[in-house]
Structures are given as C-alpha cells and as structure tokens.
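Below is one structure, written out as structure tokens; the observations come after it.
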Number of protein chains: 2
Amino acid sequence: MKNLLFDFISKYIPLTEQEKDALVELDIFHAFKKGAVLLEEGQKSNKGYFVLKGCIRSFYVIDGDEKTTAFYTEMEGFTPPCVLNGKPSENSISCVEDSILTVSDPSMEGEIFQKFPKFETMCRILSEELLVQQQVDFDAFKTSSPEQRYLDLLEKRPDLIQRVPQYQLASFLGIKPQSLSRLRTRIVEKNKG
Amino acid sequence: MKNLLFDFISKYIPLTEQEKDALVELDIFHAFKKGAVLLEEGQKSNKGYFVLKGCIRSFYVIDGDEKTTAFYTEMEGFTPPCVLNGKPSENSISCVEDSILTVSDPSMEGEIFQKFPKFETMCRILSEELLVQQQVDFDAFKTSSPEQRYLDLLEKRPDLIQRVPQYQLASFLGIKPQSLSRLRTRIVEKNKG
DNA sequence: CTGCTTTCTTAACTTAAGTGAACGAGTTAT
DNA sequence: ATAACTCGTTCACTTAAGTTAAGAAAGCAG
C-alpha cells in the first residue's frame, strides 16, 4: 500500500530509500471504515488527506440536507479550506467506502520540506496542476447543462456513478436527486427513440 | 506600478533590493489596451499573467458564442491550462479594460526559483491558497441558484458588476444574458413588494 | 426471515431558465 | 448626420429543474 504513494510521488520527483523511510517515519498511513467521518462541520482541523484506496467526499449541510460537492478517489488528495483559513470548517468529510488514506498536517510538511527541498517542488507543481485542472472543471460546469454534465461524468468518471449513491451525485452535478433520476430516464428515452 | 507587485509579494515573503532587481531584470511588466487579445483559442502559449491594474477575462467560444468563465482583476493571477498541458488552448484571454500586467513563463520561474528558493515557497503557498479558494467558489456555485449566485456576487465583487458587460457576467454566472436581465428585475420587484 | 431505514423512482404541479425575436439606447464608422 | 452595430431589455413560448408527496426497491439489524 505504501508503494502506491511512492509510485505516485516518483512520477514527479525521484525518490531515494532514505526519503521513503522519512515518509514512513511520519506514520501517515491510516485505514477508515465506510461512513467514517474525518471532519465535521464546525470543527477546526489541520489535516490533509490523500486517497490510496477507497473514496471520500466533501459535503455541506444546507437547510438540513447534504450537498456533496466533491469526491476524491485513488491517487487524489484534498486539504479542507479550514486548514488554511484557520476557521471552523463549513464542510464535512466522510468515507464513501472503506478507505486507506494518508493523513498529514502542515508541520509534517514543513519537516519534510526542510529535510528534502525537492518535496516542496513537487507540492508546488502538484498544486499548480490541480489548480489548472479545477479551473477546467469549473469552466466546463459553468458552460454546460445538468444533462451534459452527467453525460460528461459518464465518460470521464464512469466509476463514480457506480460507487457513489445517486443523491450524492446529484448535488455534485448541481441538481436535486429527483432531477437526476428524471434526467437519466430522459437520456434512455432519447437513445430508444 | 512595480511597487504593487513588490507589496503583494511582501505579504508572503520578505523581499531584498537584490531580489526586486532580479524581478525587474526579467522585463515582465507590460501594458495592454482594452480589447487586446492575450491568448486566442487554438494557440499554444506558455505565458502566465498577473494583473497589476485593469481586468482580463477568460472565455470559450461554444456554438458560435462566447462563454466567459473567469475575470481576473488587481492582484490576481492566471496561468492558462495550455501552459501546463502543452496542447492548443481551448480558451481565449482578452483585456476587459486597459490593463497593466506581468507576463511570465516557466523558464523565468525556473531562473528565479534557482536564484531565490524562497520564491518557490511563495508560489507553493499561493497555489495552495488559490486552489482552496477555487474549491470554495466551486462549491458555492454548485450549491446555489443563479439568483443566489448573483446576489453573492453583488456582495463579494460589486466592482465586477460595474466594470464588466452584462452578457459576460451572465455566462460567468452560468446563465444566458436574457436570464440575468430577468433575474435582476425579479430581485428589484421583490425589494419593492 | 421480518421489519426498519435508506435510496431511488415516479408523478403532478410550480417556478425558473432557455429560445427566438423584436425594440431602443448608446456607440462607432462612414 | 446617418447608417450599422453592440448591448441590454422585454415578451411569448418552450423546456427543464425545483417541490412535495407517495411508493417501490435495496440494504441492514434484530
């Protein structure tokens, strides 16, 4: 399982055994059960997550019901806003499936960056890539209809539609569960007619 | 004008005169007229932008009409996706107003990072902050209606509504110009009744 | 296995956004 | 000065999403 992380990092920077050991020393590998809550609305936290196996989601509770805004699966990481702004969290994080994650905080990062500066280079590049990817996703979201967004998701992340409950997918697509259900039947009708 | 940049950077890292000189040496300060096109769909480019004064926008041409997805104003920066993925650009960038920008590319960054490693620290922190901010904005977009998004914009970026044409704002809010116009009168009616 | 809860679907109705067309105000060009 | 164009608004109509409610299907616990 640790090798998943090392392989991922190796795509950005070469990794020596010494560096791998330093990472293992940090004791960042943790397993969580489906439904486990990693961060609850209102809490303060400085933990960031990286998914080695499984799926976690970020959601808000608005007017009493959950709005899921993001899913993170294998080889995707997420640092909640509250880590950077220091305020109580507005969103919650929970496990969609049994998951194995790395859990880290800024002090661990600082330690590693000091010992091995190239880790900071990797994190910069990674942040820049994620930022651009998120811009592209946001642009696509703004410029397409819910139906188109669903079709895009079918193409780009078909796994998500299988492994995640529909009502969570709905808010991820910016609509209500009933609308997603209707939209799906609409698409099927079109393909028949 | 250069001081605007130095002041901005100083919020993240201390800046020596030597470092300021190194930045000026790069010859990154440029002025552009309203309407100037910085990047056109289909082009390849490795230029990133930072707005010292003015306003630029990113837009796509979809089915013949422009969809504006982002505005960048004073002390905001933008690196187009094509810089990182190396493919022809899918979006265009143009000046909404007469603007003064810094224009840089990855080789300039590399040069600066090598001479002054703390610039890389700044860029990492900046990228992480922008990434989080963008997540928050994306989440807010997904979880609210066009009307609510407009009201939020009125609160958080009232300047944009003044300095930018309505038809560009509309796609920024994920709707058509006619819908924005209607939505605005709807809000006025509510405040009267 | 049975009952309970959660999730998904369906339906009828309401509300808002999309579409296509037209008009007027303001701008630019000739 | 006038014609052409851009931009914002309005209108009538269509389409899709929100809302409320009810019921079917699937998963879980006793």
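Values below: all heavy atoms of this structure, side chains included; hydrogens, waters and symmetry mates excluded. In what follows, chains are A, B, ... by sequence order, proteins preceding strands, each numbered from 1.
Between B:Glu41 and B:Lys87, no side-chain nitrogen of the basic residue sits less than 4.0 Å from a carboxylate oxygen of the acidic one, so the salt-bridge criterion is not met.
Contacts between residues 165-172 of chain B and DNA chain D, defined by a heavy-atom separation below 4.0 Å, involve B:Pro165, B:Gln166, B:Tyr167, listed by number. Interface residues of residues 174-187 of chain B facing DNA chain D, ordered by number: B:Gln178, B:Ser181, B:Arg184, B:Thr185; criterion, heavy-atom separation under 4.0 Å.
Figure legend: B:Arg149 and B:Phe141 shown as a cation-pi pair, the cationic atom lying under 6.0 angstrom from the six-membered ring centre and within 45 degrees of its axis. Annotation: cation-pi pair A:Lys142/A:Phe138 present, NZ/CZ under 6.0 Å from the ring centroid and within 45° of its normal. For the pair A:Lys47 and A:Tyr49, the NZ or CZ position fails the cation-pi test of under 6.0 Å to the six-membered ring centre and within 45 degrees of the ring normal.
Side chain to side chain, B:Thr121 and A:Glu120 meet the donor-acceptor criterion of an N or O pair below 3.5 Å.
Remark: C1' of D:dG18 and NZ of B:Lys142 are 19 Å apart, rounded to the nearest angstrom. The nearest whole Å value for the distance from the CD atom in B:Gln162 to the P atom in D:dG8 is 12 Å.
Counting non-hydrogen atoms of other residues, nucleotides and ligands closer than 6.0 Å to NZ of B:Lys53 gives a total of 12 or fewer. In the displayed structure, B:Lys34 atom NZ is contacted under 6.0 Å by at most 12 heavy atoms of other residues, nucleotides or ligands. Counting non-hydrogen atoms of neighbouring residues, nucleotides and ligands closer than 6.0 angstrom, the CD atom of B:Glu97 exceeds 12 such neighbours.
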Using the ring-ring contact (aromatic ring centres under 6.0 Å, His included) rule, take A:Phe50 and A:Phe8 through it: C-alpha gap first, then chi angles, then the decisive distance, then the call.
CA-CA 11 Å; A:Phe50 184 84; A:Phe8 177 81; 4.9 Å; yes
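In this structure, B:Cys82 and B:Leu39 have side chains that are in contact, with non-hydrogen atoms separated by less than 4.5 Å.
Protein chain A contacts DNA chain C over a range whose 5' and 3' limits, counting nucleotides with an atom under 4.0 angstrom from a non-hydrogen atom, are C:dT7 to C:dT10.
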